[in-house]
Every structure is written in structure tokens, then in C-alpha cells.
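Remarks on the structure that follows.
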Amino acid sequence: MKPLLKITDLHVSIEGKKILNGINLTINSGEVHAIMGPNGSGKSTLGNVLAGREEYTIESGSIEFEGEDLLSMDIDQRALSGIFLAFQYPVEIPGVSNSNFLKSIINAKRVFQGLPELNALEMLKYIRSKMIAIEMDENLLKRSLNDGFSGGEKKRNEILQMTLLEPKMAILDETDSGLDIDALRIVAEGVNQLRSPARSFIVVTHYQRLLNYIIPDFVHVLSNGRILATGDKTLAEKLEDQGYDWIREGNSVTP
Amino acid sequence: MSDSMQTLEVHNQSEYKYGWSTELDMDTFPKGLSEETVRAISARKKEPEWLLEWRLDAYRHWLTLREPTWANIHYPVINYQDIIYFAAPKKKLGSLDEADPELLKMFDKLGVPLEERKVLAGVAVDAVIDSVSVTTTFKKELGELGIIFCSFSEAVNEHPYLVRKYLGSVVPSGDNFFAALNSAVFSDGSFCYIPPGVRCPMELSTYFRINAANTGQFERTLIVADKGSYVSYLEGCTAPMRDENQLHAAVVEIVAMDEAFVKYSTVQNWYPGDKNGKGGIYNFVTKRGICAGFRSKISWTQVETGSAITWKYPSCILKGDESVGEFYSVAVTNNYQQADTGTKMIHIGKNTKSTIISKGISAGYSNNSYRGLVKIGKRADGAQNFSQCDSLLMGDKCGAHTFPYLEVDNPGARVEHEATTSKIGEDQLFYCKQRGLSEEDAINMIVNGYCKEVFKELPMEFAVEAQKLLAISLEGSVG
């Protein structure tokens, strides 16, 4: 079977500083991969590079998404092709109503897929149905996009967008950071509802606790821009118990 | 630098949609300005003696004035002898049917609602081409309510009492260099009077168009809203694309009596010049309203996207107690455009209130300045002002400047000023694009969000036009 995503020997720098030093990662449809690692290990960089953030320089290596060269695609083309990044720090856009933004992104996707745009009524119905599932307050539709939202509201809004756009490859960048336990549970349930054989996830997290709710198929440990260990969920538990030091000492672990 | 920042530097001139000119049979004066020119204009318009004297007085005063240099704009010296001061389509119009078909076609292209079909839209239009007002629609319907809406020339002949009483009462003929020039040579414009207690049932609209080459346009608008009346007035402007700069020096005067409310909205889309800064309109405009009466209100809303140079400060003199002045502005500059615009709020009466919301957007190599004065007089107990001036920069070759002036002579006044300068966020762009929006759509969304507070003040139809215009003006400024 052709993998959904294949990263080969990826080297990435920002302003001359190397961040990723030869990442190899293959993700098949339906798999959930957790990426863990200490601060500054390059976890967030990987998600941003996949989404196409322009500050990063690709030194060498390749990324194939559904067999296509992802690195040659524009940010919006990647998104429309099915890559979704849930931001660690969702951006605020004053004056743009959340509902208007959601409408625009849903219709952009539909146009890309050759489907007719949804009218206002259909749109509202569609958005509402998804909001209920993640216990999101409908008033947040009228407010400006993420403007003055609490941390939890912002993260829920990310999950809402993910649910609405139905991506093939969803990357959650430290979605658990700054969430209380209830919000964490709701966000995780949102993700679990979306798990399907046609959808893969990369869950970037610093802590193991999110992985109590989203059970990963694989756990990768990133340090100094390299994947030093790969295992199943027990690896995450071991990290929780023993920290990252035992891996740094060079005990390379492979599944 | 990221790719997106680099593309910010690629400034393709977006197509200026109104850049054509029309071959009309024109009656034009030779270039140049002298007392003779002023007399000739007045004679051509068969004006009464008092108006000629008023013009001559303004002209003589103008000769003593110097072009102002305090604004944050730079341009070569204007040769006032190299301008044609009067140009008019030759045919005199009795009705629309007699209009030059070329002219009607031009209005069609402009989308000016001169025709019956537009009755539905409820817009009455006075269209000024070059120097003269061409036709005024809906005069009859408005007449039944006692509303006078006609060309300035017509008003001079048919309503001399009103014109004489109010002309120059808000912007005196010698007010400033450009206002004096206008007062001397103004060729036409619009006049509007709303009688006491009448709420004008439709938006009144003036469409200005500079068509002829080498011609300056100097129109005057005078709006008088009598006690308890209401009117919403719209102004639109376009011009052909020409390599030379053309001068537009207009004057707008508004008088609001007790409890009258005048809402004046402008979508200014004069030709801005090409991407290298060649050509474009020099727009030196004096707009001022007086809230003469108790609880009167004047609200200026402007969306400025055109002109090579914009020099414009729609202002309110808040003389009546409890009167209200508002200024909502979006000024967009791209390529080599320069804008120095803002407002003056002069609080004289008690418990007067003013609000200033200014949104500047600079792209390309342009410069965008906000200049505003809030003056609270000694008598203005309980006066309040709120000002908010935001600047948005696109790319790193443009400039945004804020020059707020504050003169408070009454200790009981409350004045608040907020100002922000932000760059269009790489983060915001990335976020929108990551959700599948194109760069163009993302920019439009972010910029429209930024301007929302101003757009919501515009009449519905105009707001839609303004949004589109904004998109066109910034087209190619990013990505």
C-alpha cells in the first residue's frame, strides 16, 4: 500500500540554524502518530514544515503526500489537498466573524472538490451540527475569529475547523497545552470521533496525558531534530516515568 | 525574508477599471488663470453680479496665498497657468433623451444610475462631468417634499437667496489656498436643501468624473439641512488614466440646523497613477460641516482608494449644544500614492461629542498619514471626543504616519485617543492559507475585517462597492 505521507531524510533550518537533522517518517492512512520530545527538539517545526510555513528553509530531503511532492505545493494547495494543522497558538483576526471565516474555508474546500457552495442556511446547519459534538458555545460564531477567545475556546475552534474540513492528514501541534482536564477530554473526543481508516493524525505533544485520551499507534521521540526512538503507546508511558534523558544518552530504540 | 514578504514587494498595478475617456464635443477655455478667466467662467454661467464679485474677491485673495507645505506629501510644483479651468459638454440638456449618447454610454460604464431602472435603487444622482453638472434625476419626486437637489448653477439662478446665504458660510472663500482657488473658478457642483422636518426618502448622490485632458476640476457642494431634517448623501469619483497629473480642488460645505442629521459618504476612486507613480489625480479638497443647531449631527464616512495625492480633512464645527460630529475613514495607498488625510473636530457648544475612526492601509512604496485636530473650546463644557487611528502596513517599503493635534481649553472635557500600527500579519496570512484560502482571499478577508468599523457606516450598496474597490486597490500588492 502506498503511504499517505513519506518523509525522507528531511533537513530543515531557520535563519541559518539547523532544526531538523534527517527526519524519516512514513505514515499510512488511518494511523495516529504521536511525536514527543523535550522543548526545542523540533516538534513544532515538523508540523509547520508540513503545512508549508515559509520561514523555514528546506536544506534537503523530500516529503511525499499521496505520492505527490508536497514541498512544491503552496500552503493553500496543501490545505485543500487534505493537510490540516491545528495551531498551538491560533491566530486572532479582528473584524472577521468566526462564522464568515468558517463559511469561507468550507466553501473554498468545496469549490476545490468541484462541489457547489453551501448557502447560508445549509452552512449554519452544518456548522451547528459539528459544534454540538464538541460542546462549543454557538455565540462564538458571531465573535471575531479567535479574538478574545479563551485558550480552551481557541483550541475548540481549531478542532471545529478540523471537523468541518475533514482532512486526510491532521497535525495537532501541542493542542493540549494550556487546556484544563475537561477541555482536554472534549478536544480528545473530537479527535477520536474523526479517527477513520481514511484519516491520519500527527499528535505533537510534550506531555503524555493527551495520549491517555488519544491512543496512538506509534510514538516517536524527537530530540535535536532527529527521531531517536519509535515505539507504541508504552513508549510514551516510559517517557512519563523516566523523562527524556535515557534516550538522549544514546539508547536508540526501534520498534 | 519569507516568500510571502517578497511577494509583498511585487507591485503589479491592478487594472484601473475606470481608466477610459470619452470623446465628447467639448466647449473648453484656453489654459491659464487670470481675472479674465474668472470673469469668463461667471459670464458663461450667466451669474449674478454678487457671485462674480465673490469669485473675484476669492481670486484676489488666492493671489496672496501660498500653496501649503505642511502636509506629508511631495509633488512637483503645480503650474496653475497650465491648467484648463473650464470644460463642458457642448450640448445643453433639456432631458436625458437629448443627452449625448457617448455621455450616456459613459455613465453606463460608470454604473451611474441615471436611468429609470434605478428608481428601484432609490438613488437620486447629480452627475458632474469635468466642470458642469450634466443632469439631475428625481428632481420632481424630491420637489414634492420640498427638497431641492440640483446643480449648483441652477441653484444660483433658482434659489439665489439660499445660495447667497450659505455659500462660503462654512468654508470662507479665503479659507485656504485650494479653497480660495475653488471659490474663484468653481464651475459647478451640487446643491441640496432639505426643508424642516423632512426625512429625505432616498440617498442623494453626486458622481464626479474628470474626462477632459489638462483640465482641473473645481466643483462645490453645498448641503443645507433645516431643522429636524435628515439626508444621506453619497459621492463617487472616477477619472481616465492619463500620464499627466490632474488637479481636483473641490469644496464641500454642510450646514445642519437644530436636530438635523447629515450623513455624507464618499468613495473616492480618482485615478491613482500607474505603478511607477506616473500620472494620477492631485486631490486637494476642503470639506467642512457646521452643526449649527442644537443636537444636530454630521457624519463623514470616506473610503479613499484613488488619487496620486490625497489632501483632505472633512471636518465638523460643533457649534450647537449637544451636537455630534463623526468621522469614519479608510484610506488605502499603494504603489507611489500619497495620502495626508484626517479630520478636525472643533467643539464649541456644550456637551458636544465627536468620534474619529481612521484606518490607514499602506502598501507598495506609498505613504499614508493621518492628521487630525480635536479642539475643545472654553465654553464646551462636557465635550467628549474619542479618536482611534489605526495603520496597517503591507510590505516594508511603505510608510504610515499619525499626526494627532489636541487643543483643550476646557478642563471638563474628556478626550480619548488610541492609535495602533500593525503589519499585516504573516501569521494571519499563514493561518488563512492553511485553511485553504488563496493569498488574495486571505488578504481581502483580513483587510475587510480591519476596515469593518468604517464599512458598517456606509449605506449598504456603497459598502459592497467599497469592499470590491479595496480588493482591486490592493490587488497585486501581495502575492
Side-chain angles (χ1 to χ4, degrees), chain A residues 14-15 47-48 50-57 73-98 100-113 143-147 154 157-158 160-162 164-167 170-171 173, chain B residues 1-10 328 330 357-361 388 390-392 395 418 420-458 463-464 466-467 470-471 478-479:
Chain A
I14 186 163
E15 288 165 1
N48 279 303
L50 288 172
R53 194 157 189 131
E54 289 161 335
E55 287 97 298
Y56 297 98
T57 307
M73 291 162 77
D74 288 337
I75 302 166
D76 50 337
Q77 293 305 307
R78 297 182 195 201
L80 293 169
S81 306
I83 289 196
F84 181 92
L85 174 65
F87 285 60
Q88 182 177 4
Y89 303 108
V91 173
E92 301 183 359
I93 307 184
V96 174
S97 77
N98 202 15
N100 192 18
F101 180 75
L102 296 175
K103 268 183 228 168
S104 302
I105 65 174
I106 291 165
N107 278 333
K109 174 101 184 180
R110 290 182 66 89
V111 168
F112 178 78
Q113 292 173 326
R143 305 236 315 253
S144 287
L145 177 62
N146 291 329
D147 192 14
K154 282 182 184 169
N157 209 21
E158 294 294 286
L160 175 64
Q161 291 173 47
M162 180 172 78
L164 292 167
L165 292 175
E166 301 178 328
I171 305 146
D173 187 7
Chain B
M1 199 189 309
S2 71
D3 287 355
S4 165
M5 279 302 288
Q6 283 162 359
T7 47
L8 281 166
E9 293 183 359
V10 180
Y328 299 96
V330 168
I357 307 281
S358 163
K359 304 271 181 181
I361 302 169
Q388 185 189 330
D390 298 328
S391 308
L392 188 66
E418 289 176 10
T420 66
T421 300
S422 50
K423 273 200 154 183
I424 190 154
E426 288 277 328
D427 285 349
Q428 290 178 333
L429 276 179
F430 177 59
Y431 189 83
C432 292
K433 284 156 80 180
Q434 207 300 305
R435 298 301 185 248
L437 300 180
S438 67
E439 181 137 309
E440 208 79 44
D441 287 348
I443 300 251
N444 280 340
M445 181 173 270
I446 295 165
V447 169
N448 275 307
Y450 169 79
C451 298
K452 195 177 183 183
E453 280 170 281
V454 174
F455 286 169
K456 74 176 170 39
E457 296 297 325
L458 289 171
V464 174
Q467 283 193 20
L470 204 65
V478 180

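Below, chain A is the first sequence line, B the second, and so on; all start at residue 1. Fair warning: this is a prediction, and the values are worked out from it, not measured in the lab.
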Please classify the contact between B/Tyr450 and chain A as side chain, backbone, both or neither, with a heavy-atom cut-off of under 4.5 Å.
backbone
Note, A/Arg143 side chain near A/Asn98 side chain (heavy atom, < 4.5 Å)
no
Approximate separation, where rounding is to 0.5 Å, of A/Phe87 CZ and B/Arg435 CZ:
5.5 Å
Interface moiety of A/Glu15 toward chain B, non-hydrogen atoms closer than 4.5 Å:
neither
Could you tell me whether A/Lys109 and A/Asp76 make a salt bridge, using a distance below 4.0 angstrom between a side-chain N and a carboxylate O?
no
Is A/Phe101 in contact with chain B via its backbone, its side chain, both, or neither, using a 4.5 Å heavy-atom distance?
both
With a 4.5 angstrom heavy-atom cut-off, could you sort out which part of A/Asp147 is near chain B: side chain, backbone, both or neither?
neither
If you tally heavy-atom pairs under 4.5 Å against chain B, which of A/Ala108, A/Ala79, A/Ser97 wins?
A/Ala79
Distance alone, cut at 3.5 Å: any donor-acceptor contact between the side chains of B/Asp390 and B/Thr420?
yes
Between A/Arg78 and chain B, with a heavy-atom cut-off of 4.5 Å, which part of the residue counts as in contact: side chain, backbone, both or neither?
neither
In terms of heavy-atom pairs under 4.5 Å, which option from B/Gly436, B/Ala442, B/Cys432 contacts chain A the most?
B/Gly436
When rounded to the nearest 0.5 angstrom, what distance separates CD in A/Glu55 from CG in A/Asn48?
8.0 Å
Criterion side chain to side chain contact (heavy atoms under 4.5 Å, CB included) on A/Ile171 and A/Leu50, from CA distance to verdict:
CA-CA 9 Å; A/Ile171 305 146; A/Leu50 288 172; 3.8 Å; yes
Taking it one step at a time, do A/Val96 and A/Ser104 satisfy side chain to side chain contact (heavy atoms under 4.5 Å, CB included)?
CA-CA 11 Å; A/Val96 174; A/Ser104 302; over 6 Å; no
Name the region of A/Leu145, side chain, backbone, both or neither, that has any atom closer than 4.5 Å to a heavy atom of chain B.
side chain
Using heavy-atom distances under 4.5 Å, tell me whether A/Leu85 contacts chain B through its side chain, its backbone, both, or neither.
both
